[in-house]
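Just below is one structure, and these are the notes that go with it.
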Amino acid sequence: MKLQVLKDNFGNQTGVYVPIEDWTLIKNNYPDIENLEQDLPQWEKDLIDRRLEAIAENPERLKPIESLLEELKRKI
């Protein structure tokens with residue numbers, strides 16, 4: 001993928017140019033990508049809030065994702 005980073009006159013990154021062939025591949029693999037800017041439904045926001053509260057109440061229950069992946073490999 002040959003991405004080009006776009007910059008303003010001050011050198012600040014302002015965007016990324018993706019060649020159309022690559023964009024087509026991305027859209028084929030992630031068909032909902034053009035809908036990412038839509039707001040989450042309220043039920044999803046509520047679920048996220050509940051999960052964040054649970055984490056805040058019991059931070060010791062958080063484990064690195066690598067632990068889960070290793071456990072899943074052992075079960076396969």
- Query: How does the hydrophobic cluster around I65 look, that is, which other residues are in it when side-chain heavy atoms under 4.5 Å mark a link?
  - Reply: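 Reading the cluster by chain and number, I65 sits alongside L68, L69, L72.
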- Message: My understanding is that a hydrophobic cluster links ILVMFWY residues whose side chain heavy atoms are under 4.5 Å apart, including indirect links. Using that, what else belongs to the cluster containing L25?
- Response: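 Reading the cluster by chain and number, L25 sits alone, since nothing else belongs.
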- Mind checking what makes side chain to side chain donor-acceptor pair (under 3.5 Å) contact with Q4, not counting sequence neighbours?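 For Q4 there are no side chain to side chain donor-acceptor pair (under 3.5 Å) partners, ignoring immediate neighbours.
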- Task: With side chain to side chain contact (heavy atoms under 4.5 Å, CB included) as the test, would you mind laying out the steps for I48 and L40 before giving the verdict?
- Result: CA-CA 10 Å; I48 292 168; L40 291 175; 3.8 Å; yes
- Query: Are Y30 and L3 connected in a single hydrophobic cluster, I mean Ile/Leu/Val/Met/Phe/Trp/Tyr linked by side-chain heavy atoms less than 4.5 Å apart?
  - Reply: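 Both belong to a single hydrophobic cluster.
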- Message: Please determine whether side chain to side chain contact (heavy atoms under 4.5 Å, CB included) holds for the pair L6 and V16, giving the CA-CA distance in whole Å, both sets of side-chain angles, and the decisive distance to 0.1 Å.
- Response: CA-CA 6 Å; L6 306 176; V16 176; over 6 Å; no
- Query: Is there any salt bridge (Lys or Arg N to Asp or Glu O under 4.0 Å) pair reaching into residues 7-36, and which pairs are they, with sequence neighbours excluded?
  - Reply: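 Residue pairs passing salt bridge (Lys or Arg N to Asp or Glu O under 4.0 Å), neighbours aside: K27-E34.
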- Nearest-0.5 Å distance, CG of residue N29 to OG1 of residue T24: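 Reported value, rounded in 0.5 Å steps: 11.0 Å.
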- Keeping to residues at least two apart or across chains, list the side-chain hydrogen bond (donor to acceptor under 3.5 Å, both in side chains) pairs with something in residues 47-69.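 Sorted result for residues 47-69: empty, none.
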- So, for W23 and I33, which heavy atoms are closest and what is the spacing to 0.1 Å?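 The answer is CH2-CG2, 3.9 Å.
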- Message: List the residues meeting salt bridge (charged side-chain N to carboxylate O under 4.0 Å, His left out) with K2, not counting sequence neighbours, and say none if there are none.
- Response: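 For K2, no residue satisfies salt bridge (charged side-chain N to carboxylate O under 4.0 Å, His left out) once neighbours in sequence are set aside.
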